[in-house]
Amino acid sequence: MESIYDPQKIEAKWQERWAEQKLFESEVDAARKKYYVLEMLPYPSGDIHMGHVRNYTIGDALARYMWMKGYNVIHPIGWDAFGLPAENAAIKSQRHPSEFTFNHIDRMRGQLKRLGISYDWRREVATCVPEYYRWNQWFFIRMYERGLAYRKKSRVNWCPKCQTVLANEQVLSNGCCWRHEETPVAERDLEQWFWKITAYAENLLEDMKELVRWPERVLSMQQNWIGKSVGAEIDFSLNEIGEHLRIFTTRVDTIFGCTAVYLAAEHPLVETLISFSEDPEKMRRDVEGVKASAVRARADANLEKIGVDTGFTARNPFNGESVPIWVANFVLMDYGTGAVMAVPAHDERDFEFSVKHNLPIRIVIVPRNGNVPEKVEAAYTEFGPHGKLINSGPYNDLTPEQAIERMTRDAESKGFGKGTVKYRIKDWGISRQRYWGTPIPIIYCDACGIVPVPDKDLPVLLPPDVKLTGQGQSPLASVPEFVNTRCPNCNGRAHRETDTMDTFVDSSWYFYRYTSPHISTSPIDRDAVKYWFPVDQYIGGIEHAILHLIYMRFFTKVMRDIGLVDFPEPVARLFTQGMVIKDGAKMSKSKGNVVDPMESFAKYGADTVRLYILFAAPPARDFDWSDSGIEGASRFLNRTYRLVVKYASQLTSSPTHIDGEAEKSKWDLNQVSPEERRLIRKTHQTLRHVTEDLEGRWHFNTDVAMVMELVNELSELEDAIEAGKIRPEILKDSLEILILMLSVFVPHAAEELWEGLGKSQSTLRVPWPQYDSAYAAEDELEIPVQVNGRLRGKVRASVSVSDEELRRLAQAEEKVAQFLNGRQVIKIIVVPGKLVNIVIR
RNA sequence: GCGGGGGUGGCGGAACUGGUAGACGCAAGGGACUUAAAAUCCCUCGGCCCGCAAGGGCUGUGCGGGUUCGAUUCCCGCCCCCCGCACCA
């Protein structure tokens with residue numbers, strides 16, 4: 001053992017030894033319980049950043065703890081290796097994206113190894129190699145066969161910086177690109193491949209009940225994103241031109257209060273109405289005005305509601321009433337049918353709009369026992385559970401709930417409407433007009449049309465020599481050898497699809513591949529997946545709540561439906577860690593507030609960085625990096641190291657050995673010295689806290705604080721130890737427990753100290769010690785005594801004293817007696833072990 | 001507007017089911033060691049007040065109420081900050 005703490009030397013030594021011992025390698029072993037720890041795989045950008053360090057340090061603490069608990073732990077890592085940054089760098093320097101990617105992977109692998117995370121490197125996966133991406137293609141074809149992949153021309157989001165299409169999930173709420181947070185996306189009409197995630201909308205919602213150990217926040221974001229609403233579609237007939245207009249509503253019960261119908265400016269019927277109108281020119285201008293403001297409204301939710309009366313009317317099938325048709329800027333074409341009925345009395349927007357345009361307002365729902373208001377001041381949306389319909393013909397007196405059911409049924413039987421469910425989520429557009437991604441395995445044949453590449457011809461390899469321009473054309477289109485091919489059906493001339501897949505496809509199933517990274521006959525080895533899945537703990541950033549985390553759930557459902565897996569959800573428990581902040585802002589190169597992990601490792605060692613990151617804030621919260629904070633962590637490690645080395649050298653080779661249950665009741669607390677008792681108590685209190693916390697609460701900052709307290713205690717007992725008041729075997733037990741706890745947070749230093757105690761086995765192979773509740777209890781309690789809720793004194797009492805005795809002691813306490821002097825005691829409250837409160841008049 | 005999370009010393013943060021608020025650490029101030037510095041060690045450290053001192057009093061967890069012997073914690077009503085969604089009919 002090193003006698004002074006030299007992290008560089010110690011960390012290098014143990015990283016080498018761990019690799020030699022294959023310490024982190026695990027295999028399927030049906031006899032043992034498994035535990036799958038997964039962290040979100042990094043994009044190989046070139047260097048790890050503090051966010052990575054935080055993510056992987058949290059995962060590593062858990063993985064090491066689970067190893068020590070005796071689980072067969074799988075802890076893999078890989079690379080999300082396709083994507084734009086490498087392609088853009090390649091364009092700049094006229095080199096190949098793979099060159100950047102593999103250089104970066106090598107570099108970052110080295111950095112992760114320097115951090116000493118317990119990865120099984122044999123399972124490493126890079127998504128940009130044919131061995132991996134051929135299975136993306138295989139999945140594409142399975143989707144195609146099942147009607148889940150389709151091609152359509154549609155309006156898509158185009159990022160001018162990425163020079164490619166984005167999925168809806170990749171557009172931020174401010175209308176900008178997820179990668180370029182200040183670049184607004186444009187719209188383009190393109191032929192694109194889509195995956196039918198909408199077919200799983202209900203399933204994705206429903207299975208959230210399985211995700212009880214996911215953060216509420218993520219679930220609610222996904223729920224929002226899927227955006228289910230149950231309602232009805234009702235056909236209004238157009239009086240003047242003899243067509244139908246279908247509106248969507250969730251409140252069909254209010255339809256007798258309908259005073260108008262609103263159309264989105266983009267609604268196809270608007271063109272028809274223009275052509276039938278008396279002054280088409282003027283109307284077109286008006287509609288264009290509404291459309292322009294609708295575009296603005298997307299950026300500004302408070303934009304004024306404007307609209308234009310088309311002069312045409314629609315007939316409400318329920319009451320035969322004709323109401324005016326307006327084009328309104330707040331009606332969305334891409335939700336529902338792009339047409340809504342206006343019920344100003346019971347909808348805030350309709351109310352606002354009607355007041356502004358002097359449209360009539362008719363109340364159709366009132367509280368069951370309430371009166372009809374004389375004048376409507378605002379939209380009356382709170383019906384309560386006991387509302388009832390009025391002014392609604394045959395439906396009067398029904399509750400809204402009953403009315404919805406009856407009216408929907410009637411609309412269906414009379415053929416002018418039906419109950420329906422709408423979702424906000426749209427299909428996943430996966431085509432990208434870029435090079436560095438998975439080629440879409442489709443062939444277009446003049447004779448046969450769209451033909452998927454047969455499985456036997458997979459993978460469709462990415463041609464190596466391609467001119468990359470970043471000018472928005474699919475680079476593969478410029479490679480004739482790639483494009484021109486033969487039709488697998490008729491062998492006639494054909495050409496290949498030249499778009500590549502969204503890189504989120506790659507990350508939708510990588511965690512399955514870890515369990516059998518090189519299998520060549522199938523994307524996954526079912527037996528391996530059966531053993532290792534589900535992922536027990538997934539750890540990553542919140543930014544993927546409705547990107548990766550919804551795609552991966554979708555993928556698993558498809559895999560289930562094609563018989564690859566037999567469970568609905570891949571991840572049992574999700575943890576989203578907070579961001580690493582510096583000087584109040586997210587670390588970023590542009591802000592110049594980046595702290596380079598490698599520099600910190602060089603200065604302090606990886607253990608110190610880990611310790612600081614875990615100590616500075618609870619992992620779920622954001623934390624602000626402070627340069628002086630890490631000094632504190634460094635001081636603590638140095639101090640601890642010195643102390644343990646010193647005590648270890650004083651210990652004879654006593655035969656104690658920490659071994660699970662054996663820790664319990666090892667010492668009779670009545671037979672040990674006060675100093676020994678103090679040490680045993682503190683040790684077990686710390687162990688109890690750390691154990692319970694690792695089991696789920698995950699406030700690692702408090703664990704580290706408790707360990708610091710234990711070290712402080714050991715330090716304060718220094719004189720007693722030197723004076724022989726603490727027997728070596730008791731000291732040794734404490735040190736062993738301390739080191740085993742440290743091994744979760746600062747593994748290298750812990751290994752070195754462990755070895756210094758004469759141990760030959762890695763801490764990871766030693767069972768996690770069990771705490772003894774009797775030891776962890778307070779020794780002699782100092783119990784506060786309150787008089788009327790105010791602290792007036794303290795009594796010392798042993799744990800075993802009875803409440804009755806405690807009452808007597810408390811009243812006898814000198815300072816308390818002063819307050820009691822002659823006054824009537826009404827009652828005495830005893831909280832065992834906590835306090836005594838004497839209530840007097 | 002809806003959903004989620006917050007508001008505690010100069011700072012990061014403790015206080016697990018209501019029970020001595022401020023653990024642990026950072027910063028700061030004072031001291032020891034040293035020719036000096038670094039490192040290390042010791043002391044002080046929410047605010048106000050009384051005391052030479054040991055010690056003691058009051059006040060204090062965003063604001064206002066309530067329940068309780070006792071509230072950072074529970075209830076009611078507000079204010080502010082962060083994140084997500086947002087004219088979804």
Side-chain angles (χ1 to χ4, degrees), chain A residues 172-173 215-225 227-229 231 247-252 254 262 264 294 297-298 300-305 328-332 334-343 346-350 352-353 422-424 542-543 545-546 578-579 581 611-612 615-618 620-633 635-636 638-639 642 689 692-693 696-697 699 701-712 715 782-794 815 826-840:
Chain A
L172 305 177
S173 57
E216 197 57 44
R217 190 160 53 138
V218 173
L219 295 179
S220 88
M221 281 164 80
Q222 292 206 356
Q223 200 165 346
N224 250 324
W225 185 256
K228 177 182 182 176
S229 43
I247 60 108
F248 173 72
T249 180
T250 57
R251 294 300 305 266
V252 67
T254 63
Y262 305 146
R298 239 159 267 162
D300 175 12
N302 294 321
L303 200 79
E304 195 188 2
K305 290 179 178 46
N329 65 343
F330 59 91
V331 181
L332 305 171
D334 54 8
Y335 189 79
T337 59
V340 299
M341 65 175 189
V343 184
H346 304 293
D347 181 280
E348 282 171 40
R349 295 155 306 191
D350 297 345
E352 186 189 332
F353 194 83
K422 297 282 179 194
Y423 299 93
R424 205 180 73 114
I542 186 71
E543 65 273 16
I546 46 170
M579 285 189 304
I581 305 285
L611 185 74
Y612 172 55
F615 178 61
R621 245 196 258 185
D622 289 352
F623 101 89
D624 211 324
W625 180 277
S626 117
D627 291 330
S628 54
I630 195 170
E631 292 284 347
R635 274 199 285 271
F636 168 74
N638 273 293
R639 198 159 70 88
R642 271 199 313 272
H689 180 97
E692 286 176 354
D693 191 72
R697 204 171 70 128
H699 286 196
N701 55 327
T702 65
D703 300 347
V704 175
M706 287 291 283
V707 170
M708 285 174 169
E709 285 187 58
L710 175 58
V711 171
N712 291 346
S715 182
E782 195 162 72
I783 297 177
V785 182
Q786 301 176 346
V787 177
N788 284 356
R790 286 197 183 278
L791 181 67
R792 296 299 184 193
K794 287 176 184 173
K815 287 175 194 152
I826 297 170
K827 63 174 163 177
I828 299 176
I829 296 146
V830 178
V831 183
K834 294 284 188 181
L835 59 66
V836 181
N837 187 12
I838 304 169
V839 185
I840 60 173

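Within every chain, numbering begins at 1; the chains are lettered A, B, ... in the order of the sequence lines, protein sequences first and strands thereafter. Since the structure is predicted, the reported quantities are computational estimates derived from the model, not experimental observations.
Residue A/Tyr262 has no polar side-chain atom (N or O) positioned under 4.0 Å from OP1 or OP2 of B/rA89. OP1 or OP2 of B/rA89 lies within a sub-4.0 Å distance of a side-chain N or O belonging to A/Ser229. Using a 4.0 Å cut-off, some side-chain N or O of A/Arg697 falls inside it from OP1 or OP2 of B/rA15.
Separation of the P atoms belonging to B/rG19 and B/rG70 is 15 Å when rounded to the nearest angstrom. Only the C1' atoms considered, B/rU61 is 15 Å distant from B/rU20, to the nearest whole Å. Of the P atoms belonging to B/rC85 and B/rC76, the separation is 29 Å, rounded to the nearest Å. B/rA28 and B/rU17 have their P atoms separated by 36 Å, with the value rounded to a whole Å. Here, B/rG10 and B/rC63 have their P atoms 14 Å apart, quoted to the whole Å. Between B/rC26 and B/rC33, the two C1' atoms lie 24 Å apart (nearest whole Å). Taking atom P in both B/rG1 and B/rU8, the straight-line distance is 24 Å, to the nearest Å. Comparing the C1' positions of B/rG62 and B/rU72 gives a spacing of 12 Å, expressed to the nearest Å.
Shortest non-hydrogen contact noted between A/Ala264 and A/Leu332 is CB-C, 4.1 Å.
Searching all strands for a Watson-Crick or G-U wobble partner of B/rA27 with both distances below 3.5 Å returns nothing. Pairing of B/rC58, defined by two Watson-Crick or G-U wobble distances under 3.5 Å, is identified with B/rG47. Base pairing of B/rG1 is made with B/rC85, judged by Watson-Crick or G-U wobble geometry with both donor-acceptor distances under 3.5 Å.
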Distances for protein N or O near nucleotides 81-84 of chain B N or O, under 3.5 Å:
none

Could you list, one pair per line, each protein nitrogen or oxygen that sits under 3.5 Å from a nitrogen or oxygen of nucleotides 21-24 of chain B, together with the distance?
unit_1: B/rA23; atom_1: O2'; unit_2: A/Glu709; atom_2: OE2; d: 2.9

For nucleotides 40-45 of chain B, list the nitrogen or oxygen atoms of the protein found under 3.5 Å from its nitrogen or oxygen atoms, one pair per line.
none

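Within the cation-pi definition used here (under 6.0 Å to the ring centroid, within 45° of the axis), A/Lys422 qualifies as a partner of A/Phe248.
Rounded to whole Å, the distance from CG on A/Asp627 to P on B/rC26 is 14 Å. Distance, A/Ile630 CD1 to B/rC26 P: 13 Å, rounded to whole Å. Between A/His699 atom NE2 and B/rG25 atom C1' there is a gap of 17 Å when expressed in whole angstrom units. If you take CG of A/Asp334 and P of B/rA86, they are 11 Å apart, rounded to a whole angstrom. In this structure, CD of A/Glu631 is placed 12 Å from C1' of B/rA38, rounded to the nearest angstrom. Rounded to whole angstrom, the span from the NZ atom of A/Lys834 across to the P atom of B/rG19 amounts to 7 Å. Between A/Arg251 atom CZ and B/rA89 atom P the separation is 11 Å, expressed in whole Å. Look at CG on A/Asp624: it is 18 Å from P on B/rG10, rounded to the nearest Å.
By the salt bridge (charged side-chain N to carboxylate O under 4.0 Å, His left out) test, A/Lys834 pairs with no residue at all, sequence neighbours left out. Under the rule for a ring pair (Phe, Tyr, Trp, His ring centres under 6.0 Å), the partners of A/Tyr612 that lie at least two apart in sequence or sit in another chain are A/Phe623, A/Trp625. Taking the side-chain contact (heavy atoms from CB on, under 4.5 Å) definition, one finds that A/Glu352 meets it with A/Lys305, sequence neighbours left out. Applying the side-chain hydrogen bond (donor to acceptor under 3.5 Å, both in side chains) test to A/Ser715 and every residue at least two apart in sequence or in another chain returns nothing. Under the side-chain hydrogen bond (donor to acceptor under 3.5 Å, both in side chains) criterion, A/Asn712 pairs with A/Arg639, not counting sequence neighbours. Residues meeting the side-chain contact (heavy atoms from CB on, under 4.5 Å) test with A/Ala545, sequence neighbours left out: A/Val218, A/Met221, A/Ile542. Under the side-chain hydrogen bond (donor to acceptor under 3.5 Å, both in side chains) criterion, A/Glu543 pairs with no residue at all, not counting sequence neighbours. For A/Phe353, the ring pair (Phe, Tyr, Trp, His ring centres under 6.0 Å) partners at least two apart in sequence or on another chain are A/Tyr262, A/Trp326, A/Phe330, A/His357. Taking A/Asn224 as the reference, nothing meets the side-chain contact (heavy atoms from CB on, under 4.5 Å) condition, with sequence neighbours excluded.
B/rG64: glycosidic angle beyond 90° from 0, hence anti.
Within the 4.0 angstrom heavy-atom criterion, no nucleotide atom of any strand lies near A/Ser626. Residue contacts for A/Pro618: at a heavy-atom cut-off of 4.0 Å it reaches the sugar-phosphate backbone alone, with no base atom in range. No engagement by A/Gly336 is indicated, since no non-hydrogen atom pair under 4.0 Å with the nucleic acid exists.
Here CG of A/Asp693 is found 5.0 Å from NE2 of A/His689. Values are rounded to the nearest 0.5 Å. Between atom CD of residue A/Glu692 and atom CG of residue A/Asp703 there is a gap of 10.5 Å, rounded to the nearest 0.5 Å.
Remark on RNA chain B: of its neighbouring residues A/Ser220 and A/Phe623, the 5'-side contact belongs to A/Ser220, judged by nearest-heavy-atom nucleotide.
Listed nucleotides B/rG19, B/rA89, B/rG12 differ in distance to A/Val831; the shortest reach to its side chain belongs to B/rG19.
Remark: the backbone N or O of A/Val343 is paired with a side-chain donor or acceptor of A/Asp350 at under 3.5 angstrom.
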